[in-house]
Amino acid sequence: VAKLRERGGRMTPQRLAILQALLEQEHPTVDEIYRQVSETFPTTSVATVYRTVTTLKEMGEALEIQGTDPVAHYDAHRPGPHSHLVCVSCGRVMDSPEVDMAALSSELGRKARDWRLVEQAQFFGVCPECRARGAAPGETDAE
Ligand SMILES: [Zn+2]
Ligand SMILES: [Zn+2]
């Protein structure tokens, strides 16, 4: 909040609700944040949520993650680069257990010549819930 104020952004109750939704949900998309905020502030627009999240991303306070869906997920808990597990069945995004990214990065960097990797990875798999439902990789939920 303080950092947003420093940037001259007005701290409206609506913006505060966006921050809250971003922190309460695990790797939410703009749409998921919007759905939570619009329960309290029906006049909120998706554009406002998007603008606020983009500002936070530019400030380095939120990390943008690309999952299986075309829309991005955001993590404001750990804004620094970190790895994620992405379920190819239901699309949920979780923080990955620690892996030795430096080692992985240098191995990949060595094998794929001239590629400089950023220390962040998305690992795609099937989450335990989806496996319990017997979902096969690549299968998507019809909502
Ligand atoms: Zn899943
Ligand atoms: Zn994360």
Side-chain angles (χ1 to χ4, degrees), residues 1-41 44-112 114-143:
V1 171
K3 283 180 184 163
L4 268 178
R5 275 213 185 99
E6 262 171 44
R7 292 232 335 181
R10 264 186 321 133
M11 193 42 63
T12 59
Q14 193 175 299
R15 263 190 136 178
L16 214 57
I18 294 170
L19 283 180
Q20 208 167 21
L22 184 61
L23 287 166
E24 274 172 15
Q25 300 187 37
E26 203 190 320
H27 304 101
T29 61
V30 163
D31 225 51
E32 284 164 345
I33 298 167
Y34 167 72
R35 258 177 273 154
Q36 183 175 330
V37 174
S38 63
E39 280 170 22
T40 327
F41 299 97
T44 308
S45 69
V46 177
T48 306
V49 176
Y50 186 79
R51 263 199 314 273
T52 306
V53 169
T54 303
T55 306
L56 288 167
K57 187 184 84 181
E58 285 166 3
M59 289 162 60
E61 295 296 321
L63 179 71
E64 191 176 76
I65 307 134
Q66 211 60 57
T68 51
D69 24 17
V71 293
H73 295 251
Y74 294 90
D75 189 344
H77 289 281
R78 297 175 63 190
H82 60 280
S83 300
H84 291 93
L85 295 170
V86 181
C87 179
V88 295
S89 180
C90 67
R92 72 190 273 214
V93 176
M94 280 178 54
D95 281 349
S96 163
E98 286 309 323
V99 284
D100 193 344
M101 277 308 290
L104 191 60
S105 196
S106 80
E107 186 185 352
L108 287 171
R110 209 171 49 239
K111 290 180 177 166
D114 291 338
W115 275 86
R116 190 152 302 155
L117 301 174
V118 291
E119 303 233 339
Q120 184 195 338
Q122 259 74 277
F123 299 109
F124 295 90
V126 183
C127 75
E129 283 80 1
C130 288
R131 291 191 58 195
R133 284 192 290 111
E139 215 177 43
T140 41
D141 276 337
E143 270 191 13

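In listed order, ligands and their atoms are each counted from 1.
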Atom pair SG/CZ of C127 and R133 - distance to nearest 0.5 Å: 7.0 Å
Once rounded to the nearest 0.5 Å, what's the spacing between atom OH of Y74 and atom CD of E64?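 If we round to the nearest 0.5 Å, Y74:OH and E64:CD are 3.5 Å apart.
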E32 pairs by side chain to side chain contact (heavy atoms under 4.5 Å, CB included) with which of E26, H27, Q25?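 Running side chain to side chain contact (heavy atoms under 4.5 Å, CB included) over E26, H27, Q25 with E32 returns exactly one hit, Q25.
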Provide the tally of protein N/O/S atoms nearer than 2.8 Å to the Zn ion (ligand 2). 5
Would you say that [X] contacts [Y] through its side chain, given a criterion of any heavy-atom pair below 4.5 Å between the two side chains?
| X | Y | answer |
| --- | --- | --- |
| D31 | V71 | no |
| R15 | T55 | yes |
| T68 | S89 | no |
| H84 | L63 | yes |

Protein-derived N, O or S atoms lying less than 2.8 Å from the Zn ion (ligand 1), waters not counted, sum to 4
Can a donor-acceptor pair be found between the side chains of H77 and D95 at a distance below 3.5 Å?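 Side chains of H77 and D95: no pair found under 3.5 Å.
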Go through the steps to decide whether K111 and E107 satisfy the test salt bridge (charged side-chain N to carboxylate O under 4.0 Å, His left out), and finish with yes or no. CA-CA 6 Å; K111 290 180 177 166; E107 186 185 352; 2.6 Å; yes
